[in-house]
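Notes follow the structure.
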Amino acid sequence: MSHKQDTVMKFQYTAEFAQSLDAADTLASYRDRFLFPQHQGISVLYFTGNSLGLQPKGVKEAFVDECDDWATYGVEGHFLARKPWYSYHERFAAGAAKLVGAKEEEVVMMNQLTVNLNLLLVSFYRPQGKRRKILFEAKPFPSDQYAFASQARLHGFEPEDVLVELLPREGEYNLRKEDILETIQRLGDELALVCFGGVNYFTGQLFPMQDIAAAAHAAGVMCGFDLAHAAGNVPLELHDWNVDFACWCTYKYLNSGPGSVGGVFVHERHVTNPDIFRLAGWWGHNKSTRFQMGPVFDPIPTAESWSMSNAPVFNMIAHEVSLGIFSEVGMHALREKSIQLTAYLDFVLQTVMDKTGQRLTRITPDDPQQRGCQLSVIVEGYDRKLVEVLYKQGVVVDWREPDVIRLAPVPLYNSFEDVYRLGKVLETVFSR
Ligand SMILES: *Cc1c(COP(=O)(O)O)cnc(C)c1O
């Protein structure tokens, strides 16, 4: 922890101070648009929006509407439903493009995250000759690592021969930008792909995506990002950053419910390129001839050509509601609050540490430009039972082995007072 943020703003660890920040917060009213889990009859202090975002109000009604349309129209609902199912995924083009900084032709909602990552790896991990390696950050989400390994095997390689996990320097928790760029340059023509998380799920480090993409391209290699912890957390400009592909889930910061539909970005220079191989299905086929049911695949000249199956409408309903809120608020306003709210959390944790003597080591970078809203903290001397102790006090956080709690104050629905009250609970727990 450091007191660096005190130079940005003089924070205080009092209820009045936290309430005064809430009173000045122009996004404060969005809290009322979400349903908070209850513990002993009161709303919990929810700090796990990085794992499963809260339910926006209106989702239940949207489900009922869709059930009604299904009952009313049966198969005709494909065209007659209030939100026609045939083109349901197209409803997301504008909102998803805005969310990740893309053109509408570059995004599509389909499947779920790991499926999409695998599909994109089929297109963009094309080892040839000496170029075989995939470079990724230390401690990627295990699902991504399994996907990389299975793709390596698909091409007949042993994962340990081609997967390169870039570790931080001895004694450090985060990767330095210069080390990432230098490694890409050094591996050069052995690389077949650079694929990082946008924000690492464990440390919360936000990577310099534009620089990584540029370094990858300078080395003659494609570059993709898994944005599971970045989408809805930090502003993204995938098109301008020249990212080749990306995928994200919608149940974390995007509040669209468990297992909700995933998102895909493919840069426009690839979507019409017939040399980019893609696995095919009828939902990627030219819409004007789709129902002629011909035998030959004619890809839509957009990212939609990666979609195979008709839109999973019931897995998209909550996202429709939720993405509407993001379009309304905008990532830049959210980010402004996020930086301040996260700095306040950092300050509160530091204060709790000073008051109780409990050692808390933040492994998320200090620099707001290198993190989103999540702070990951090593809590010395505790194990995962800490999470249960906190839950009994109405606080929801999560635990990652061996000794880390992750805390995400989400700017859409967390308040400064939530952060203050979290501090108070931690203070009592650590003072025992
Ligand atoms: C949450 C998360 C996943 C989960 O994958 P699903 O396919 O949605 O179950 C995968 N990768 C990363 C980086 C994640 O953060």
Side-chain angles (χ1 to χ4, degrees), residues 47-54 92 96 99-100 108-122 124-125 134-151 159 163 165-166 174-175 180 193-207 209 212 223-234 236 238 243 245-265 279 306-309 312 314-316 318-319 322-323 363-364 371-376 396-401 404-408 410:
F47 287 97
T48 46
N50 57 338
S51 189
L52 190 87
L54 292 181
F92 301 103
L99 183 81
V100 300
V108 62
M109 303 308 293
M110 59 186 210
N111 312 312
Q112 287 171 257
L113 176 56
T114 308
V115 172
N116 289 336
L117 178 61
N118 268 298
L119 294 178
L120 290 165
L121 291 171
V122 163
F124 293 98
Y125 175 57
I134 306 178
L135 178 70
F136 52 91
E137 89 265 25
K139 227 171 176 351
F141 197 88
S143 198
D144 298 39
Q145 200 149 8
Y146 306 153
F148 297 148
S150 65
Q151 294 283 332
L163 302 191
E165 179 171 353
L166 181 55
N174 302 122
L175 289 168
I180 300 172
L193 181 67
V194 175
C195 192
F196 272 54
V199 172
N200 180 268
Y201 86 101
F202 186 72
T203 64
Q205 181 176 14
L206 165 60
F207 293 109
M209 289 177 250
I212 293 173
C223 179
F225 292 97
D226 183 329
L227 303 174
H229 283 264
N233 181 13
V234 294
L236 298 163
L238 299 181
V243 168
F245 70 90
C247 46
W248 60 96
C249 56
T250 58
Y251 49 81
K252 291 172 180 164
Y253 293 100
L254 294 172
N255 311 318
S256 304
S260 50
V261 69
V264 159
F265 164 89
L279 290 173
W306 268 264
S307 67
M308 295 183 214
S309 292
F314 279 86
N315 201 22
M316 292 174 146
H319 192 50
S322 174
L323 197 59
I363 61 171
T364 306
R371 68 188 189 197
C373 72
Q374 171 186 325
L375 295 182
S376 303
V396 185
V397 304
D398 85 5
W399 180 265
R400 284 290 173 268
E401 296 297 345
V404 168
I405 53 171
R406 301 187 304 167
L407 300 160
V410 169

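Both ligands and their constituent atoms are indexed starting at 1 by order of listing. From a predicted model like this one, the values you see are computed outputs, not experimental measurements. Along the sequence shown, residues are numbered consecutively beginning with 1.
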Test side chain to side chain contact (heavy atoms under 4.5 Å, CB included) applied to F196 and L135, step by step: CA-CA 8 Å; F196 272 54; L135 178 70; 4.2 Å; yes
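Checked against a 3.5 angstrom limit, the closest N/O atoms of S143 and ligand 1 fall outside it. In terms of polar-atom proximity, defined here as any N/O pair under 3.5 Å, H229 does make such a contact with ligand 1.
The shortest distance between side-chain heavy atoms of T250 and F92 does not fall below 4.5 Å. Proximity of S260 to Y251: side-chain heavy atoms (C-beta onward) are separated by under 4.5 Å at one or more points. The shortest side-chain heavy-atom distance between Q205 and E137 does not fall under the 4.5 Å cut-off.
Listed by atom number, the atoms of ligand 1 under 4.0 Å from K252 heavy atoms are 1 (C), 2 (C), 3 (C), 14 (C), 15 (O). Close approach of ligand 1 to D144 (heavy-atom distance below 4.0 Å) involves ligand atoms 10 (C), 11 (N), 12 (C), 13 (C). Heavy-atom contacts of T114 reach the following atoms of ligand 1: 5 (O), 6 (P), 7 (O) (cutoff under 4.0 Å). Those atoms of ligand 1 with a heavy atom of D226 less than 4.0 angstrom away are 11 (N), 12 (C), 13 (C).
Of the options Y251, Y146, F202, F225, the smallest heavy-atom separation from atom 4 (C) of ligand 1 is shown by Y251. Of the candidates F196, W248, Y201, F141, the one placing a heavy atom closest to atom 13 (C) of ligand 1 is F141.
Exactly one residue among Y125, F136, F141 makes a ring-ring contact (aromatic ring centres under 6.0 Å, His included) with F148. That residue is F136.
The two residues L236 and A231 come nearest to each other via the heavy atoms CD1-CA, 4.1 Å.
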